[in-house]
Amino acid sequence: MACCTACPHSCAAIAAAGAIPALVRLLGSASEEVQAAAAGALCNLALSSAGTSAAIAAAGAIPTLVRLLGSASEKVKMVADVTLEALHA
């Protein structure tokens with residue numbers, strides 16, 4: 001997913017289409033690449049608006065992102081950390 005912060009309308013459309021719960025589910029994938037991609041997409045969405053950040057938190061992403069901070073993959077840890085920061089902003 002390309003960075004959608006340059007076009008908040010795109011992020012709003014993506015969120016409205018139901019992408020947030022699906023991306024949160026993908027955080028629990030057995031694949032580290034899928035985990036990192038899902039976290040990155042959620043990060044982009046979180047940066048688009050406070051409302052989207054609230055929806056991501058409400059979908060249960062935060063506990064899973066915190067768990068991913070203990071991943072063996074440096075990439076997964078880094079993306080989870082940046083996503084948590086974006087949600088806090």
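Quick caveat, the model's predicted, so the values are computed rather than measured. Any value given below was found using the heavy atoms of this structure, including those in side chains, with hydrogens, waters and symmetry copies removed.
Note that the OG1 atom of Thr64 and the CG atom of Leu23 stand 12.5 Å from one another [nearest 0.5 Å].
Summarising the geometry of Ile62 relative to Ala57, their closest heavy-atom pair is CD1-CB, 3.8 Å, with the distance given to 0.1 Å. Contact between Ser53 and Ala86 at its shortest, heavy atoms only, is OG-O, 4.1 Å. Cys11 approaches Asn44 most closely through the heavy-atom pair SG-O, 4.1 Å.
Between Leu87 and Leu65 there is a side-chain heavy-atom pair separated by less than 4.5 Å. Residues Thr83 and Leu68 form no side-chain contact, since every pair of their non-hydrogen atoms from C-beta on lies 4.5 Å or further apart. For the pair Thr52 and Ile20, the minimum side-chain heavy-atom distance is below 4.5 Å.
Residue pairs meeting the salt bridge (Lys or Arg N to Asp or Glu O under 4.0 Å) criterion with at least one partner in residues 10-25, sequence neighbours excluded, do not occur; the list is empty. Within the structure, salt bridge (Lys or Arg N to Asp or Glu O under 4.0 Å) pairs that include any residue of residues 76-85 comprise Glu74-Lys77 (at least two apart or interchain).
Ser73 pairs by the side chain to side chain contact (heavy atoms under 4.5 Å, CB included) definition with Glu32, Ser71, Lys75, Val76, not counting sequence neighbours.
Follow the hydrophobic side-chain contacts under 4.5 Å out from Val66 and you reach Val24 in the same cluster. A continuous path of hydrophobic side-chain contacts links Leu27 to Ile14 [ILVMFWY only; heavy atoms under 4.5 Å]. Hydrophobic clustering, with ILVMFWY side chains joined whenever heavy atoms are under 4.5 angstrom apart, groups Leu45 together with Leu84.
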